Amino acid sequence: MKILVTGGAGYIGSHTTLELLRAGHDVVVVDNLINSHEEALRRVERLAGRPLAFQKVDLLNKEALAEVFAAAPIEAVIHFAALKSVGESVVQPLRYYQNNVTGTLNLLEIMERHNVRRFVFSSSATVYGDPKTMPITEDIPLSPVNPYGQTKVAVENILGDLYRSDDRWGIAILRYFNPIGADPSGQIGEDPNGIPNNLVPYIAQVAVGRLPHLPVYGHDYPTPDGTGVRDYIHVVDLALGHIRALDKLRGETGLFVYNLGTGRGYSVLEVAAAFERACGRPIPLRVLPPRPGDAAVSYADPTRAERELGWRAERALDDMVNDSWRWQSRNPDGYAAGGG
Ligand code: NAD
Ligand code: UD1
């Protein structure tokens, strides 16, 4: 199929684009490069041994987006493009709603105009807030605790209304747990701007000496070692989940919601220890108070995705951190340095 990937230069988008090319799909990427580098796409092409089409387009520029659809017979859209920093969304809520919600509305309107009705959406476990029972199933009430999470719920609601208005749509909402890792080649990976917010990119920068120690947010959560527990999932497993969702939408219409996680949680200390094994260096820790808004524990019930998509996460924590480390150690300054 000819697939439009929005945000395809980003972390998850670049890995998914690579798997799409490997699976034989043709890919058109649109990205405004606000949080990514075109170099990621050049590397994806080299790894796949096949070209892709890239257009530097902002989803808020409706005319430019419409031209992409006019120029190529798009059959399905995977929509990654969004701003994703929780802290930033608290300070700049209007920018987040504008980018993530209006950008998606623009995209859906143009899709409708061009009779393209297969849509895969990047949602997040953040839509669940801080649920009381684990594992998290798709049916629990949504309760986001920050503007970023609200933008994800807003788009999920729009997609529900859209499907109820026109059942020719095939929509897969994928709620990711905590993506980490990188393609095993070490050529593409996560390249956050500035000081990372998320655990594994932070550890990776401690390991290469860019940051002095890992802040451990909270040590007396009701967990086995007192630190927060999350469902970390290898980004390649996540990318493959998108291919399975697309396969489903090729054959049927409907509105589908899936958790993409492994179903098991690891603590901050377990992840730090695994990373030490991967890189062979100590990761100095500094225990700090809990980060506001953080849940103690979060892990998925991924059985619906297994049952309906035939997908399950295969890669273990050690694979995830080994692959994160390979990317980070070969690209200590990310894509900006241009090496690799
Ligand atoms: P990322 O920032 O690496 O990728 C997002 C891409 O979208 C970037 O390349 C950015 O330049 C682009 N973009 C943003 N706004 C745009 C716009 N208006 N027009 C065109 N391009 C735009 O983030 P990621 O980690 O790859 O996340 C991809 C998606 O998955 C996002 O929707 C994110 O909210 C969601 N998600 C991510 C995580 C995670 O931990 N990484 C977890 C759950 C959900
Ligand atoms: C965060 C976002 C969430 C988003 C997800 C994407 C917040 C509050 N939540 O989730 O909306 O969907 O990323 O992956 O930002 N930790 C440390 N030290 C650090 C960084 C993190 O101890 O330097 C701990 C956290 O307290 C948490 C765990 O590591 O227990 C994972 O944190 P992180 O990678 O930021 O992911 P989430 O908080 O799950």
Side-chain angles (χ1 to χ4, degrees), residues 5-16 29-38 40-41 55-61 64-65 78-90 95-96 98-100 102-104 106-107 121-130 144-146 148-149 151-152 155 174-180 189-193 195-203 205-206 211 213-219 221 223 227-233 235 238-239 260-261 265-269 271-272 285-288 290-299:
V5 179
T6 77
Y11 171 46
I12 306 169
S14 57
H15 286 84
T16 304
V29 168
V30 297
D31 198 304
N32 64 2
L33 302 180
I34 191 145
N35 197 36
S36 51
H37 294 85
E38 196 175 339
L41 295 172
Q55 305 247 24
K56 187 176 173 200
V57 166
D58 192 315
L59 296 189
L60 296 178
N61 182 346
L65 191 57
I78 306 184
H79 178 36
F80 293 103
L83 298 173
K84 63 163 183 177
S85 160
V86 170
E88 201 176 67
S89 79
V90 174
R95 179 169 170 242
Y96 268 67
Q98 179 76 2
N99 194 78
N100 294 2
T102 307
T104 306
N106 288 346
L107 178 61
F121 175 60
S122 298
S123 190
S124 167
T126 200
V127 299
Y128 297 118
D130 188 2
V145 295
N146 54 62
Y148 165 69
T151 70
K152 293 293 177 192
V155 170
L174 306 181
R175 295 182 182 148
Y176 316 151
F177 279 68
N178 290 57
I180 62 170
E190 186 168 13
D191 181 19
N193 268 331
I195 295 182
N197 294 312
N198 297 118
L199 180 64
V200 169
Y202 203 111
I203 296 177
Q205 294 201 8
V206 174
L211 293 166
H213 57 257
L214 172 70
V216 175
Y217 296 128
H219 69 285
Y221 283 116
T223 61
T227 65
V229 167
R230 295 291 183 276
D231 185 339
Y232 297 94
I233 174 169
V235 68
L238 194 64
L260 295 185
Y266 288 98
S267 73
V268 173
L269 298 184
V271 175
L285 308 176
R286 179 170 294 178
V287 175
L288 295 180
R291 194 168 58 175
D294 269 4
V297 179
S298 165
Y299 57 92

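In each ligand, atom 1 is the first atom listed, and ligand 1 is the first ligand listed. In this chain, numbering begins with 1 at the start of the sequence shown. Since the model is a prediction, treat every value here as computed from it, not as a measurement.
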Among protein heavy atoms, which lies nearest [atom], and at what distance?
| atom | result |
| --- | --- |
| atom 29 (C) of ligand 1 | Phe80 O, 3.3 Å |
| atom 19 (N) of ligand 1 | Leu59 N, 3.0 Å |
| atom 37 (C) of ligand 1 | Ile12 CD1, 3.7 Å |
| atom 25 (O) of ligand 1 | Lys84 NZ, 2.8 Å |
| atom 18 (N) of ligand 1 | Asn99 OD1, 2.8 Å |
| atom 11 (O) of ligand 1 | Asp31 OD1, 2.7 Å |
| atom 30 (O) of ligand 1 | Tyr176 CE1, 3.3 Å |
| atom 34 (O) of ligand 1 | Tyr148 OH, 2.6 Å |

Please list, in number order, the atoms of ligand 1 under 4.0 Å from a heavy atom of [X].
| X | answer |
| --- | --- |
| Ser36 | 8 (C), 9 (O), 11 (O) |
| Ser124 | 43 (C), 44 (C) |
| Asn35 | 1 (P), 2 (O), 10 (C), 11 (O) |
| Ile34 | 10 (C), 11 (O), 14 (C) |

Could a heavy atom of [X] be found less than 4.0 Å from some atom of ligand 1?
| X | result |
| --- | --- |
| Pro179 | yes |
| His79 | no |
| Val57 | yes |
| Ser123 | yes |

Can you measure from [atom1] ([X]) to [atom2] ([Y]) and round to the nearest 0.5 angstrom?
| X | Y | atom1 | atom2 | result |
| --- | --- | --- | --- | --- |
| Ser14 | Glu190 | OG | CD | 10.0 Å |
| Asp231 | Tyr266 | CG | OH | 9.5 Å |
| Asn197 | Tyr202 | CG | OH | 10.0 Å |
| Asn193 | Glu88 | CG | CD | 9.0 Å |
| Leu260 | Leu174 | CG | CG | 5.0 Å |

Polar contact flag for Leu83 and ligand 1 (N/O pairs, less than 3.5 Å):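 No, since none of the N or O atoms of Leu83 sits under 3.5 Å from an N or O of ligand 1.
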Contact check: Tyr11 vs ligand 1, nitrogen or oxygen atoms, below 3.5 angstrom: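 Tyr11 vs ligand 1: N/O contact under 3.5 Å present.
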4.5 Å side-chain heavy-atom contact, [X] and [Y]:
| X | Y | answer |
| --- | --- | --- |
| Val271 | Arg230 | no |
| Leu199 | Val268 | yes |
| Tyr128 | Ser298 | no |
| Tyr11 | Val235 | yes |
| Arg286 | Pro215 | no |

Residue that, paired with Thr151, satisfies side chain to side chain contact (heavy atoms under 4.5 Å, CB included) out of Thr104, Asn100, Asn99, Leu83: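 For Thr151, the side chain to side chain contact (heavy atoms under 4.5 Å, CB included) check succeeds only for Asn100.
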Donor-acceptor pair, side chain of Thr6 and main chain of Phe80, under 3.5 angstrom: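 Checking the backbone N and O of Phe80 against the side chain of Thr6, a donor-acceptor pair under 3.5 Å is found.
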Dump all N/O pairs between ligand 2 and the protein below 3.5 Å as a table: atom names plus distance, one pair per row.
| from | atom 1 | to | atom 2 | distance (Å) |
| --- | --- | --- | --- | --- |
| ligand 2 | 11 (O) | Thr126 | OG1 | 3.0 |
| ligand 2 | 12 (O) | Ser124 | OG | 2.9 |
| ligand 2 | 13 (O) | Asn198 | ND2 | 3.0 |
| ligand 2 | 18 (N) | Pro215 | O | 2.6 |
| ligand 2 | 22 (O) | Pro215 | O | 3.3 |
| ligand 2 | 22 (O) | Tyr217 | N | 3.0 |
| ligand 2 | 26 (O) | Asp294 | OD2 | 2.6 |
| ligand 2 | 34 (O) | Asn198 | ND2 | 3.4 |
| ligand 2 | 34 (O) | Leu199 | N | 2.8 |
| ligand 2 | 35 (O) | Asn198 | ND2 | 3.0 |
| ligand 2 | 35 (O) | Arg291 | NH1 | 3.4 |
| ligand 2 | 35 (O) | Arg291 | NH2 | 2.7 |
| ligand 2 | 36 (O) | Asn178 | ND2 | 3.1 |
| ligand 2 | 38 (O) | Arg291 | NH2 | 2.8 |
| ligand 2 | 39 (O) | Asn178 | ND2 | 2.9 |
| ligand 2 | 39 (O) | Arg230 | NE | 2.5 |

Parallel, tilted or perpendicular: rings of Tyr96 and Tyr148 (30°, 60°):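 Rings of Tyr148 and Tyr96: perpendicular, as their planes differ by over 60°.
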Mode of Leu33 contact toward ligand 1 - side chain, backbone, both, neither (heavy atoms, under 4.0 Å):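 The answer is the backbone of Leu33.
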Under-4.0 Å heavy-atom contact with ligand 1, by part of Lys152 that carries it: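 Looking at Lys152 and ligand 1, just side chain atoms fall under 4.0 Å.
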Trace of the side chain to side chain contact (heavy atoms under 4.5 Å, CB included) decision for Ser267 with Thr223: CA-CA 8 Å; Ser267 73; Thr223 61; 5.6 Å; no
Option of least heavy-atom distance to atom 5 (C) of ligand 1 (set: Ala82, Gly103, Ala64):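 That would be Ala82.
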Within 6.0 Å of NE2 in His37, more than 12 heavy atoms from elsewhere: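 It does: His37 NE2 has more than 12 such atoms within range.
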Heavy-atom pair with the smallest gap, counting every atom of Tyr221 and Pro290: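 For Tyr221 versus Pro290, the nearest heavy atoms are OH-CB, 3.4 Å.
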